[in-house]
Amino acid sequence: MLSLEKQLNEKIKNIFKTSGFDEKFAFVKPSDRPDLSDFQCNGALALAKTLKQNPREIGQKIADTLALDNDIATVSVDGPGFINIKLKNEFIAQNMDEMALDSRLGCAKTETPYNVVMDFGGPNVAKALHVGHLRSAVIGESIRRVLSFVGHNVISDVHFGDWGTPMGMILAQIIFEDGDLSKVETYDIESISSFYKRANLRCKENEQAAETARMITAELQNGNKEYVKAWKHLRAVSVAAVKENYDELDAHFDLWLGESDAHEMCGKIVKLANEKSISEVDEGATIIRLPETNKPMPPVILVKSDGGFGYQLTDIATIKMRVDDLKADEIIYVVDKRQSLHFEQVFAVAKMLEIAPSTKLEHVGFGTVNGQDGKPFKTRDGGVMNLKDLIEMSKDKVRSSMPKPNEVEGYGKAEIEKLVSEVAMAAIKFQDLKNTAASGYVFDLEDFAKFDGKTGPYIQYAIARINSIIRKADESGVSQGKIIISESDERALSLKLAAFENAVARTAEQKEPSIMTDYAYNLAQIFSSFYNTCPIMSAVDNEIKASRLKLAALVRDALKQALYLLGIEAPEKMLKAN
RNA sequence: GCGCUCUUAGCUCAGCUGGAUAGAGCAACAGCCUUCUAAGCUGUGGGUCGGGCGUUCGAAUCGCCCAGAGCGCGCCA
């Protein structure tokens, strides 16, 4: 089916076409003045500018034709030239009936599906995920779900940080403390992580230690058997730990490749750059200079003076692999926006090397999670907060508001814990996703355990209440019927439902999950008003009862789908302790 | 120094080709549970959209200047 808004746009487009107006202005948007109209078209204003004509006259011409349409209740031209459109209730109702039959809720699949490779997550060996990793995982996963719902073929790759200097630092630290690498394979993630922390400190203070670490890194990359063997263990343990984290976040990765997998290709890229004569050797490093602009554009270091590959080279090589092996039409990096210059450089080199001639490269940068001081968040001891701790904190808060296991029939320990997890994760993810990705936000521990107002649990709660009504309807044999719109809350709710497609489309276009959180919240909010003013099961009129039941079920479907697109679960019931 | 991104209600943030009375949530205050889960609903108060100039019939939105903040700028990733 075509969404209501799209149907309306078709009508307008036809009028523009027959009137000889540029069709690019032929579209409506939900009215800014709900007291005056359901939708407004500002096209006359834009047209007037290009045609140098009176906007009200153009608007009136369009409005007069539109008024003849059977689905339109009233059309008026107001103010400087807004075309205000009010739809007939029957048209909206019929649209809802169609939407209820459509498993995609009015969202047609794209006619031009792409192969999209998504690079998000970005975990590193020996580092547990912390709050800084939250955004990439949560935003990336949401965009992944949205793009694949829209119909693209999305492949996600975690792009594990497993090949840089930190590898040499850890190995060096272990050798420094143990004398050799003989005990490496007995170390778990905690000890590897603590080796890394000590390595970090030591290399900062001691230039000699840093030098040794770089040397070991280079030897590892050149295939030193002893180092490779130890490294394999570090990597395996880290991947296993990180997988657990991502499972809990419900972030899905099709590929678990890492920087190390691009190693061979890195060598080829260096060769290619040399053949094309775009690289040069400077101070012992192999670099590519980029065209001067008005902004600082440092050269890209392919090979460091110690012989190790630079991380930019890894990203460049990975682009080639994604284009060659995965046939990527588009590669999306969901990475901290502080890396924007890095990606600008990498994309520029990819272009110079002609390794991705028809692939769109895009960096979706997100802002940092900041502390009260406006700088990237640090705990009191100067460290970063573990993601696991954040999740536990939120779970504790949820758990304390829940009934104890077996207090509610069918809810033993396992069921309660599942519910606790679903609600806590909803609170955390929604809290993060409701912010525009590009802007950072101030970290407040309390925010991740809030369940009132514009939060994930609020939306889950709306769904749970609808589920409850539907269960009741099933028990008493009441079934859904044709939608009838008579109350203003029914009308408002229907119009919001009709906007689902628009919300999905905008989220996909802008790769901006906050558009979806906003929509989901507004829909849940309008439903809550409806819930209070329009009784369903106790409605006296059977037709109204059947209509409202169907409307409620449709809201549930839309909210569940919206939450799915955000990576959030929708529990059947929301329980609360007395 | 150069560049990028920002500055909207007490706090955290929206604001869809430039448009009509700039919107939410939280916090505050006042109501609503014998009625589909009160994690809810209804209402009230609260903003010279950082400052200035300009473009325009019209600017939170576009341009320039200023002030303030964050981030980035060759061998960490």
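Atoms considered below: every heavy atom in the structure, side chains included; atoms not considered: hydrogens, waters and symmetry mates. Here the structure is a predicted model, which means the values were calculated and not measured. Letters A, B, ... mirror the listed sequences (proteins, then strands); counts begin at 1.
- Ring pair A:Tyr461/A:Phe527: centre-to-centre distance not below 6.0 Å.
- The pair A:Glu280-A:Arg289 meets the salt-bridge criterion, since a charged nitrogen lies less than 4.0 angstrom from a carboxylate oxygen.
- Stacking of A:Tyr458 onto the six-membered ring of B:rG40 is not present when judged by under 5.5 angstrom between centres and under 30° between planes.
- Atom CG of A:Asp336 and atom P of B:rG70 are 16 Å apart (whole Å).
- Comparing the C1' positions of B:rU12 and B:rG43 gives an interatomic distance of 23 Å, to the nearest angstrom.
- At least one donor-acceptor pair closer than 3.5 Å links the side chain of A:Asp162 to the backbone N or O of A:Ser260.
- When each of A:Tyr461 and A:Ala524 is assigned the nucleotide of RNA chain B bearing its nearest heavy atom, the one mapping closer to the 5' terminus is A:Tyr461.
- A straight line from CD1 of A:Ile459 to P of B:rG25 spans 13 Å, rounded to a whole angstrom.
- Within 4.0 Å of A:Ile466, counting heavy atoms only, lies no atom of the nucleic acid at all.
- A:Asp35 comes within contact range of at least one nucleobase, with a heavy-atom separation under 4.0 Å.
- Checking side-chain atoms of A:Thr507 against main-chain N and O of A:Ala503 turns up a donor-acceptor pair under 3.5 Å.
- With A:Asp541 contributing its side chain and A:Ile544 its backbone, the two residues share a donor-acceptor pair below 3.5 Å.
- A salt bridge is absent between A:Arg214 and A:Glu219; no separation between the charged side-chain nitrogens and carboxylate oxygens falls under 4.0 Å.
- Rounded to a whole Å, the OH atom of A:Tyr521 is 10 Å from the C1' atom of B:rC26.
- Under the 3.5 Å distance criterion, with hydrogens and angles disregarded, no donor-acceptor pair is assigned to the side chains of A:Tyr411 and A:Glu407.
- Between B:rG46 and B:rU17, the two C1' atoms lie 33 Å apart (nearest whole Å).
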Measure all distances between protein nitrogen or oxygen atoms and nitrogen or oxygen atoms of nucleotides 30-36 of chain B, and list the pairs falling under 3.5 Å.
unit_1	atom_1	unit_2	atom_2	d
B:rC36	O3'	A:Lys472	NZ	3.0
B:rC36	O2	A:Met537	N	3.1
B:rC36	N3	A:Ile536	N	3.0
B:rC36	N4	A:Tyr531	O	2.3
B:rC36	N4	A:Cys534	O	3.2

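- Side chains of A:His342 and A:Gln312: a donor-acceptor N/O pair is present below 3.5 angstrom, by distance only.
- Where pairing requires Watson-Crick or G-U contacts shorter than 3.5 Å, the helical stems of RNA chain B with at least three consecutive pairs are B:1-7 with B:67-73, B:10-13 with B:23-26, B:28-32 with B:40-44, B:50-54 with B:62-66.
- B:rC66: glycosidic angle beyond 90° from 0, hence anti.
- The stretch residues 33-53 of chain A participates, sequence neighbours left out, in no ring-ring contact (aromatic ring centres under 6.0 Å, His included) pair at all.
- Counting any heavy atom pair closer than 4.0 Å across all strands shown, A:Ser340 reaches no nucleic acid atom.
- Between A:Phe451 atom CZ and B:rG25 atom P there is a gap of 19 Å when expressed in whole angstrom units.
- As rounded to whole Å, 21 Å separates atom P of B:rG23 from atom OH of A:Tyr519.
- Comparing B:rG25 with B:rG68, their C1' atoms are spaced 27 Å from each other, to the whole Å.
- For the C1' atoms, the distance linking B:rC65 with B:rC13 amounts to 28 Å, nearest Å.
- Between A:Arg465 and A:Glu572 there is no salt bridge, since no side-chain nitrogen of the basic residue lies less than 4.0 Å from a carboxylate oxygen of the acidic one.
- In this structure, A:Asn84 reaches the bases: a heavy-atom distance under 4.0 Å links it to at least one base atom across the strands shown.
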Expected string for nucleotides 10-18 of chain B under the B/S/- scheme (protein heavy atoms, under 4.0 Å, primed atoms plus P, OP1, OP2 as sugar-phosphate) is ---SS-BBB
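- One finds a side-chain N or O of A:Ser529 lying less than 4.0 angstrom from the OP1 or OP2 phosphate oxygen of B:rU42.
- Counting non-hydrogen atoms under 4.0 angstrom, A:Gln460 reaches nothing in the nucleic acid.
- When each of A:Ile83 and A:Met402 is assigned the nucleotide of RNA chain B with its nearest heavy atom, A:Ile83 is the one assigned upstream, toward the 5' end.
- Side-chain N/O atoms of A:Asp38 and A:Ser31 include no donor and acceptor closer than 3.5 Å.
- Of the possible polar contacts, none joining the A:Asn435 side chain to the A:Ala437 backbone as a donor-acceptor pair under 3.5 Å is found.
- The distance between atom CG of A:Leu47 and atom C1' of B:rG19, rounded to the nearest whole Å, is 15 Å.
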Polar pairs (N or O, both sides) under 3.5 Å between protein and nucleotides 72-77 of chain B?
unit_1	atom_1	unit_2	atom_2	d
B:rG74	N1	A:Asp282	OD2	3.0
B:rG74	N2	A:Asp282	OD2	3.3
B:rC75	O2	A:Ser305	N	2.8
B:rC75	O2	A:Ser305	OG	3.3
B:rC75	N4	A:Glu283	OE1	2.7
B:rC76	O3'	A:Thr165	OG1	3.1
B:rA77	OP1	A:Thr165	N	3.4
B:rA77	OP1	A:Thr165	OG1	2.9
B:rA77	OP1	A:Lys304	NZ	3.0
B:rA77	O3'	A:Glu259	OE1	3.1
B:rA77	O3'	A:Glu259	OE2	2.6
B:rA77	N6	A:Tyr311	OH	2.8
B:rA77	N1	A:Tyr311	OH	3.4

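- In this structure, the CZ atom of A:Phe366 is 15 Å from the C1' atom of B:rU5, given to the nearest Å.
- A gap of 15 Å separates the C1' atoms of B:rG52 and B:rA59, to the nearest Å.
- Comparing B:rU7 with B:rC11, their P atoms sit 15 Å apart, to the nearest whole Å.
- A salt bridge is absent between A:Asp474 and A:Arg471: the closest approach of a Lys/Arg side-chain nitrogen to an acidic carboxylate oxygen does not fall below 4.0 angstrom.
- Between A:Glu569 and A:Lys418 there is no salt bridge, since no side-chain nitrogen of the basic residue lies less than 4.0 Å from a carboxylate oxygen of the acidic one.
- Rounded to the nearest Å, the gap between the C1' atom of B:rU61 and that of B:rG50 is 16 Å.
- Within 4.0 Å (heavy atoms only), A:Gly79 reaches no atom of the nucleic acid at all.
- Between A:Asp432 and A:Lys429 no salt bridge is recorded (no basic side-chain N to carboxylate O distance below 4.0 Å).
- When the P atom is used for both B:rA27 and B:rA69, the distance is 31 Å, rounded to whole Å.
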Donor-acceptor pairs under 3.5 angstrom involving side-chain atoms of residues 299-306 of chain A: please list them, not counting sequence neighbours.
unit_1	atom_1	unit_2	atom_2	d
A:Asp306	OD1	A:Gly308	N	2.8

